[in-house]
Student: 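Below you will find the structure I want to go over with you.
These numbers come from a predicted model, not from an experiment.
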Amino acid sequence: MSTPMVRFEGVSKRFGPLTVLDDLNLDIAANEKVAIIGPSGSGKTTVLRMLMTLERIDGGIIWIDGEPMTHVQRNGQMVPADAAHLRRVRGKIGMVFQHFNLFPHMTALKNCMEAPVTVLRLPKQEAEARAAELLDMVGLGDKKNHYPSQLSGGQQQRVAIARALAMRPKVMLFDEVTSALDPELVGEVLNVIRKLGKEHSLTMLMVTHQMGFAKEFADRVCFFYQGKIAEQGPPQEMFSNPKNERTRQFLRAVLEAG
Amino acid sequence: MSFDWAYALEILPLLAQAAIVTIEATLLGFVLAAILGLAFALLRMAPNLFVSGLTATVVEFIRSTPLLIQLFLLYFVVLPRIGIAPTAFVAGVFALGIHYGTYCSEVYRAGLEGIPRGQWEASVALNLSSYHTFRDIILPQAIPPVVPALGNYLVALFKETPQLAAISALELMSVAKQLGSETFRYTEPITLVGLFFLAMSLVSAALIRLVEYRLNVRYR
């Protein structure tokens, strides 16, 4: 196997006395689509938040694109990375949040231009063209001058996807991106993610409760339970013939509710 | 003792001149307070515990001691010590600015704490620098809601400018006192000064409401 795009090497995370993730080892190949499922409190969102450097890790190393993100090599030893290194490496990662987190004082277009202009230092016109193109791609070309408060939840989430893509990340993280949406708006967001998967070469990690979508979209499903990967595999296998008792229980509960 | 209209009219030009000094001290003092307040608020949020702790201590110290004492200290001790021979006006503006800067910092802090965590996290996810996060994302959302509170401090600062009379800055109150001591008639100058403060306070309250309204309109 070639260099993985994302590698968790013995990563652990504790909140006080609580161990949220315990010695996580996980490789994700470039362009792979991985769905992360599991009961609440199983550590699945923490996986994404650690990748985005929103949470510090308490042990282990995270690698991005063949390079250590959380650490730097110095004199043959791995030492914790400083803020500048974290910042440089996380430039390869984009994230979409459960609650959108759009900037309410900026139009959809401005939301998508802010980081390209200030971080990538793109000229304004170029950033604007890129933002407009992406908003078109998510089906909101006619809403680019709307403020977030003037958009529905599904539309806001699509702007958030365009905003993350404007930074041209190699890895996209989706953290329960449809959980805060009214049921009739879920489809439009999932359609955009589907399209992304087809048309862009992106490594995608998504924490989701949409089992149907995970089954159809993901190359691999990871079931988290109590801070560990209890089972993983191709979705057809996982969903039709789960081997782990916990996976069976979880899927039964979810499918009954769904 | 009745109100002497002729005398009141006679001293009006002198008082009007002093009123300009009062307004200048107010505006300069408030600009300083608004800038220092923001600096205090940001330093207090610094990740470095020494910096944030020191700022918190200084702010608390200034807030908890009277303006009058700070005025004397600045004018007679601190500024001369560091080699500046201040005019009473300059010392007064600094004292007002620093004192009200600490009040303003609490106002900014409330505004900053009102920003949802998701806004900070989105800024990290987009890889914005701290500078751009504050300039483009946090401050434009944190400041408009606290403009009314800042406006209240503008009016409060304005009403405290008579304290500058203590170091003989030639603002309204000290001029009124001088006139009184020259003629032994205090009723007219002090009444006029009171009326001026009343009128200006009402005007500025109206202006603040206007600004507030404008900000609300723009924000939605």
Student: With a sphere of 6.0 Å drawn around NZ of A:Lys195, does it hold more than 12 non-hydrogen atoms of other residues, nucleotides or ligands?
Tutor: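 Atom NZ in A:Lys195 is crowded, with more than 12 foreign heavy atoms closer than 6.0 Å.
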
Student: So which part of A:Leu102 gets closer than 4.5 Å to some heavy atom of chain B, the side chain, the backbone, both or neither?
Tutor: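 Backbone only.
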
Student: Are the side chain of B:Glu121 and the backbone N or O of A:Asn101 linked by a donor-acceptor pair below 3.5 Å?
Tutor: no

Student: More than 12 heavy atoms of other residues, nucleotides or ligands under 6.0 Å from NZ of A:Lys110: yes or no?
Tutor: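 Atom NZ in A:Lys110 is not crowded, with 12 or fewer foreign heavy atoms closer than 6.0 Å.
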
Student: Without swapping roles, check the side chain of A:Arg90 against the backbone of B:Ala125 for a donor-acceptor pair under 3.5 Å.
Tutor: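 A pair under 3.5 Å: no.
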
Student: Heavy-atom count check: over 12 atoms from other residues, nucleotides or ligands less than 6.0 Å from A:Glu199 CD?
Tutor: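 Above 12, so yes.
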
Student: Please state whether the side chain, the backbone, both or neither of A:Arg163 comes within less than 4.5 Å of a heavy atom of chain B.
Tutor: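 Both backbone and side chain of A:Arg163 come within 4.5 Å of chain B.
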
Student: Crowded around A:Arg56 CZ? As in, over 12 foreign heavy atoms under 6.0 Å?
Tutor: no

Student: Kindly compute the distance separating CE (A:Met167) from CG (B:Leu128), expressed to the nearest 0.5 Å.
Tutor: 7.5 Å

Student: What I'd like to find out is whether the side chain of B:Ser123 reaches to under 4.5 Å of the side chain of A:Phe103, using heavy atoms alone.
Tutor: yes

Student: Counting only heavy atoms not in A:Phe15, do more than 12 fall under 6.0 Å of its CZ?
Tutor: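 Count over threshold, so yes.
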
Student: Test your reading of the model: is there a side-chain donor-acceptor pair from B:Asp136 to the backbone of A:Glu114, 3.5 Å cut-off?
Tutor: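 No.
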
Student: Report which part of A:Ile93 has an atom under 4.5 Å of a heavy atom belonging to chain B: side chain, backbone, both, or neither.
Tutor: backbone

Student: Find out whether A:Val119 and B:Leu126 are in side-chain contact, i.e. whether some heavy atom of one side chain is under 4.5 Å from a heavy atom of the other.
Tutor: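 Heavy-atom side-chain distance check fails, nothing below 4.5 Å.
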
Student: For a 4.5 angstrom cut-off between non-hydrogen side-chain atoms, does B:Gln119 reach A:Pro104?
Tutor: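 Side-chain contact under 4.5 Å: yes.
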
Student: What do you reckon, is NZ of A:Lys13 surrounded by more than 12 foreign heavy atoms closer than 6.0 Å?
Tutor: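 Count over threshold, so yes.
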
Student: Do you know the tightest heavy-atom contact between B:Ser129 and A:Arg87?
Tutor: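 Closest heavy-atom pair between B:Ser129 and A:Arg87: N-NH2, 3.3 Å.
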
Student: Side-chain contact, heavy-atom cut-off 4.5 Å: B:Ile137 with A:Met106?
Tutor: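 Result yes, sub-4.5 Å side-chain heavy-atom pair found.
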
